[in-house]
Amino acid sequence: RKEVEQDPGPFNVPEGATVAFNCTYSNSASQSFFWYRQDCRKEPKLLMSVYSSGNEDGRFTAQLNRASQYISLLIRDSKLSDSATYLCVVGLNTDKLIFGTGTRLQVFP
Amino acid sequence: DAGVIQSPRHEVTEMGQEVTLRCKPISGHNSLFWYRQTMMRGLELLIYFNNNVPIDDSGMPEDRFSAKMPNASFSTLKIQPSEPRDSAVYFCASNPGTENTEAFFGQGTRLTVV
């Protein structure tokens, strides 16, 4: 079983739609959680950290469920510029970060 | 800060040749990571260093791959001899080296082995 698993997609949604991605992780000792965004032919960049209590940043909401070992990302009111690959990232009790393979999102007009 | 700097940005080499990828982490960051990204396997952690010491190299695919960090501001990833299946984008990333902190990525080196 992979350490971090994501549905690769693609998710094709119209502008204005709400879309949600899930990610599961296998190591219960994981301590830190992030969502990164990667545009085509670019490096991954941090979108947001994920906290136990859940957190929101504008149209983006991240949730963590430690009991079920999954993380989610919700995007409301999708924009064309949201089209990218979203990477789920899990850190152990060190600074080692493990990336999922990513979920591709395509927002169309 | 200029961020994480990688060179070269693109490398095309013939099978059997030695390839050296270079990385300069963000100043003050204590941890450095080398990742490889392909369509099939996604982003794989190859090796990471903390305070210039290799901590985990379990992701290094085979003996043809080696990585060094002679000082806090420079690291290399070497492939010798290179093979076509090594073709990928290689990313270097760094972070401050404390728990629960994000990693900052360089722009990557796109390697093509023909």
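Chain A is the first sequence line, chain B the second, and so forth, proteins listed ahead of strands; every chain is numbered from 1. These figures come from a predicted structure and were not determined experimentally.
The contact between B/Asn50 and chain A is made entirely by side chain atoms (from C-beta outward), counting heavy-atom distances below 4.5 Å. Heavy atoms closer than 4.5 Å to chain A are found in both the backbone and the side chain of B/Leu43.
Connectivity analysis of hydrophobic side chains (ILVMFWY, heavy atoms under 4.5 Å, direct or indirect) links B/Ile5 to nothing; its cluster partners are none.
Linking ILVMFWY residues whenever their side-chain heavy atoms come closer than 4.5 Å, directly or via other members, leaves B/Leu21 and B/Phe104 in distinct clusters. No chain of hydrophobic side-chain contacts below 4.5 Å, direct or via other Ile, Leu, Val, Met, Phe, Trp or Tyr residues, connects B/Val53 to B/Leu77. Follow the hydrophobic side-chain contacts under 4.5 Å out from A/Trp35 and you reach A/Phe60 in the same cluster.
Heavy atoms of other residues, nucleotides or ligands lying less than 6.0 angstrom from CD of B/Glu14 number 12 at most. Environment of CG in B/Asn71: crowded, with over 12 heavy atoms of neighbouring residues, nucleotides or ligands closer than 6.0 Å.
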Only distances under 3.5 Å count here; give the side-chain donor-acceptor pairs of residues 100-109 of chain A to other protein atoms, sequence neighbours excluded, each with its distance to 0.1 Å.
from, atom 1, to, atom 2, distance (Å)
A/Thr103, OG1, A/Gln6, NE2, 3.2
A/Thr103, OG1, A/Asp7, O, 2.5

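Between the side chain of A/Tyr36 and the main chain of B/Ala103, a donor-acceptor pair closer than 3.5 Å is present.
For residues 31-42 of chain B, the interface with chain A (any heavy-atom pair closer than 4.5 Å) comprises B/Ser31, B/Phe33, B/Tyr35, B/Gln37, B/Arg41, B/Gly42, sorted by residue number.
For the side chain to side chain donor-acceptor pair (under 3.5 Å) condition, the pairs that include at least one residue of residues 105-114 of chain B, sequence neighbours left out, are B/Arg9-B/Gln107.
How far CG of A/Leu97 is from OG1 of B/Thr101: 7.0 Å, rounded to the nearest 0.5 Å.
Residue B/Phe91 comes nearest to A/Lys42 through the heavy atom pair CZ-O, 3.8 Å, listed as atom of the first residue, atom of the second, then distance.
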